[in-house]
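A short worksheet on the structure shown next.
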Protein chains: 4
Amino acid sequence: MPDQIKSKVDDPELVLRRRRQLADAAVELFSARGYHSTTIRDIAEHAEVSIGLIYQYVQDKEDLLFLALLQVLDSYKDQIPLALEGVAEPLERFCTAVRRYCRVNGESVAATVLAYRETKSLRKERRNLIKQKEVETNELIAACIRDCVEAGLFVDVDVEMFTYQIVMFSHAWALKAWRFSQEMDVEEYVDRGLRLMLRGVLTGRGERQLKSARCCGAWEAGA
Amino acid sequence: MPDQIKSKVDDPELVLRRRRQLADAAVELFSARGYHSTTIRDIAEHAEVSIGLIYQYVQDKEDLLFLALLQVLDSYKDQIPLALEGVAEPLERFCTAVRRYCRVNGESVAATVLAYRETKSLRKERRNLIKQKEVETNELIAACIRDCVEAGLFVDVDVEMFTYQIVMFSHAWALKAWRFSQEMDVEEYVDRGLRLMLRGVLTGRGERQLKSARCCGAWEAGA
Amino acid sequence: MPDQIKSKVDDPELVLRRRRQLADAAVELFSARGYHSTTIRDIAEHAEVSIGLIYQYVQDKEDLLFLALLQVLDSYKDQIPLALEGVAEPLERFCTAVRRYCRVNGESVAATVLAYRETKSLRKERRNLIKQKEVETNELIAACIRDCVEAGLFVDVDVEMFTYQIVMFSHAWALKAWRFSQEMDVEEYVDRGLRLMLRGVLTGRGERQLKSARCCGAWEAGA
Amino acid sequence: MPDQIKSKVDDPELVLRRRRQLADAAVELFSARGYHSTTIRDIAEHAEVSIGLIYQYVQDKEDLLFLALLQVLDSYKDQIPLALEGVAEPLERFCTAVRRYCRVNGESVAATVLAYRETKSLRKERRNLIKQKEVETNELIAACIRDCVEAGLFVDVDVEMFTYQIVMFSHAWALKAWRFSQEMDVEEYVDRGLRLMLRGVLTGRGERQLKSARCCGAWEAGA
DNA sequence: TATGAATGAGGTTTCATTCAT
DNA sequence: AATGAATGAAACCTCATTCAT
């Protein structure tokens, strides 16, 4: 997907490998120190390559940010379908998707924050591409919601609004990590969050399904 | 509140006036271009003062960021109590608080985003001070929620979780403005959001109260 | 004339002074080492200012080249009228102009060569401005020629061609200095050159005038 | 002739072929963009070889410049004798030589300018070698002049001076192309130039010879 | 108190050259 | 003989900060 970035190196496989190497270093450093406070030299050292090498695979520093953000966003988009494989029951799919999304965010809090902080440093065209990725990820959640509605497990909810509620809930774990992470872990966070949010959308059938299937992890004394 | 920032000027009133002048310029420019891409010269020109003058009231660039963020955060904390003045009924207070919070965010989307983007550029001690401000604002919302619970209008909800749900909902209007603002305005956003979120927390009494009081703006066919 | 170059300093007199200072250093170094081989640091050191200062008065390195070339070209355009002050007789004016032009070139061989070498490094708009200056200088020579023709001292010569012959003759002293300067000095160069070139254009009257007036320096055994 | 440049390849014929290939690319690019603005990569691409290959036949970038300049200078030196083949009459030989020299310059204006611009970028030893080449070319013209003098067609002119007048006249077509080429073509340039310059040197016999032989192209209403 | 010219460390980027294949 | 990925010194330029006025 990192097309459109021009490289001075021909071998496409090498380009892919090097770019991943650079993106890894970039995600780590940009996340930790921010885009502007990280120097190209920092990245070169962290990736254990020379400064010159970077400019064989990338045209400027902004390209590195783009590469880093793409890597983060893609990892989100890839994880959810992976988690849903083999899960059929709609409510379970929904809970699984949310849980996985939160976990991914939780594992790379810094990267999620990076996306929020630095997307604006990209030029418009690329900013839009990044937003497009986010929309695609959101759609994975929205689909789960729609399935639950169709299966009569959710009331006829405002899908768009509910999707964003879920998304923001997930991101909040990263954005407000300083607040939450000292009180609970991701699992508890998801449990408490789902309990709160599901209450507003479950039908009677949905509630029964939820209890019988115990689909969403620790659900001892549900609502 | 802008204590701890050392000034070379004695007259405390002048210091206050100048700092507001600088903070205004800083909020505007940092919001528009980001902290690192804004130069001291930019701010001097925008505030119509000399570069030298800035350093009479501020020790370094980070001080300006701190000033700017304080200004933004304070405006949030001031607006909610103002809106609640004269409103007594708990559910109405809750709705009013949420509505006002969203509106403030809506009016200065850029400033809200600024807080998310650049807080990390502050040194830890100040970052904590900013977070403290946010917690104080959140507490205003949390209080409204607790009142509703005590009045039997809300079920015995997870107050902390619900507070953050509200807060993130409000911030989302700013953070995802690119998505929402082309489909609806703040008012519709709040209505749709409240409808969704309230469904999960209202008691029977709460629901009746909501309908009778029509406290929360356009509420055609509520839950 | 160094307008259109934007400065970050307001005081126009200071701007003028600093720019002359920078141009002096630039002419010297660019002449000696060439434009590309001279670094900004070199110029800063030679002008005894900081690197930063340069960028207060100039936007980039090309501006320095422009400044340098303007300075060189202007000195040419200024010297000829100065030398002609008080000289009335047309043939004498012609000889004086040529002599002075060669001398100016001779005094700053390196600068003349600079104009030939580096004008192409300017962007088109400025390159044209430089060419315009040259045309203006040439016109000073052309006017002397026309006066001689009108006074019946020169035959009805191809003025444009003759002007360029004179100009190239003058520049040749600089461009081919490596060849000439080890055999003669400027004065001899001018004498020999004028003798050759005048032979083709003088009328009978012109020849007599030339001898009687001995206007053109050492003119022992004229044509 | 490109001796003294060390090559890592043994086969002398291959060396010659490759070096011509590189010199062609170098002349073209150095002429168009200048020496310093042309990268080795540019030349490799233009010559359709790899960067590494260049360094098999050349030690550094300056070698390429040397190669390029040699190629240009040699073409000058070769063309004149070629044009003079079969021409016997001294005045005709002179005119033919001048005409051909101007034409060669006219056909590769950029290359001529290259010689003026970039010779200084060579190290002294090589710069002298280039100058030597120029002197040799000049000698071809000087010989023609001397023949005319000996044949009583030219007065006892200052040969060295006149030679340089011719040379500079020829180069001027390239150096001042921006001025001349929009008013006339090379042929007209030579005609007008020769008419002017010959007037000063022709004897009575020379004039008659010129008219009778019409040796120098379009010579309608000569001196 | 206010100004703005001056400073220079440090950032990004380029590109001639090397060397393992 | 030919390739081209890798290197890193060195260039240009920015901008936070100081200080004499």
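Reminder, nothing fancy here: chain letters follow the sequence lines and each chain counts from 1. Quick note: numbers below take in every heavy atom, side chains included, and nothing from hydrogens, waters or symmetry partners.
The phosphate of F:dT17 (OP1 or OP2) has a side-chain N or O of B:Tyr55 nearer than 4.0 angstrom.
As a whole-Å value, the separation of B:Gln21 CD from E:dT1 P is 15 Å. Look at CG on B:Leu64: it is 15 Å from P on F:dC15, rounded to the nearest Å. Rounded to a whole Å, the CD1 atom of C:Ile40 is 11 Å from the P atom of F:dA11. A straight line from CG of A:Asp63 to P of E:dT13 spans 9 Å, rounded to a whole angstrom. Rounded to an integer number of Å, the gap from CD of D:Glu62 to C1' of E:dC15 is 17 Å. As rounded to whole Å, 12 Å separates atom C1' of E:dG8 from atom CD of C:Glu45. Atom-to-atom, CD1 of A:Ile43 to C1' of E:dG11 comes out at 13 Å; the value is rounded to the nearest Å.
Along DNA chain F, the nucleotide nearest B:His36 and the nucleotide nearest C:Tyr35 are compared for position; the residue whose nucleotide lies closer to the 5' end is C:Tyr35.
Within 6.0 Å of atom NZ in A:Lys120, more than 12 heavy atoms from other residues, nucleotides or ligands are found, so the atom counts as buried in its surroundings.
The stretch residues 39-55 of chain D participates, sequence neighbours left out, in these salt bridge (charged side-chain N to carboxylate O under 4.0 Å, His left out) pairs: D:Arg33-D:Asp42.
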Considering only distance and modelled atom types, tabulate donor-acceptor pairs under 3.5 Å from the side chains of residues 52-59 of chain A, sequence neighbours left out.
none

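Annotation: cation-pi pair D:Lys61/D:Phe66 absent, no NZ/CZ under 6.0 Å from the ring centroid and within 45° of its normal.
Residues forming a ring-ring contact (aromatic ring centres under 6.0 Å, His included) with D:His46 (at least two apart in sequence, or on another chain): none. Partners of A:Glu125 according to the salt bridge (Lys or Arg N to Asp or Glu O under 4.0 Å) rule, which considers only residues two or more places apart in sequence or in another chain, are A:Arg123. With sequence neighbours left out, A:Asp24 forms a side chain to side chain donor-acceptor pair (under 3.5 Å) with A:Gln71.
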For nucleotides 5-7 of chain E, tabulate all protein N/O to nucleotide N/O atom pairs closer than 3.5 Å, reporting atom names and distance.
{"from": "E:dA5", "atom 1": "OP2", "to": "C:Lys8", "atom 2": "O", "distance (Å)": "3.3"}
{"from": "E:dA5", "atom 1": "OP2", "to": "C:Asp10", "atom 2": "N", "distance (Å)": "3.4"}
{"from": "E:dA6", "atom 1": "OP1", "to": "C:Arg18", "atom 2": "NE", "distance (Å)": "3.1"}
{"from": "E:dA6", "atom 1": "OP1", "to": "C:Arg18", "atom 2": "NH2", "distance (Å)": "2.4"}
{"from": "E:dA6", "atom 1": "OP2", "to": "C:Tyr57", "atom 2": "OH", "distance (Å)": "2.2"}
{"from": "E:dA6", "atom 1": "N7", "to": "C:Gln56", "atom 2": "NE2", "distance (Å)": "2.7"}
{"from": "E:dT7", "atom 1": "OP2", "to": "C:Ser50", "atom 2": "N", "distance (Å)": "3.2"}
{"from": "E:dT7", "atom 1": "OP2", "to": "C:Ser50", "atom 2": "OG", "distance (Å)": "2.9"}
{"from": "E:dT7", "atom 1": "O5'", "to": "C:Ser50", "atom 2": "OG", "distance (Å)": "3.4"}

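A salt bridge does not link C:Asp11 to C:Arg18: none of the charged nitrogens lies less than 4.0 Å from a carboxylate oxygen.
The aromatic rings of B:Tyr116 and A:Tyr116 sit tilted relative to each other, their planes meeting at an angle between 30° and 60°.
Residue D:Thr38 is classed as a sugar-phosphate contact, given heavy-atom separations below 4.0 Å to backbone atoms only.
Helical stems involving DNA chain F, defined as 3 or more consecutive Watson-Crick or G-U pairs under 3.5 Å, span E:2-21 with F:2-21.
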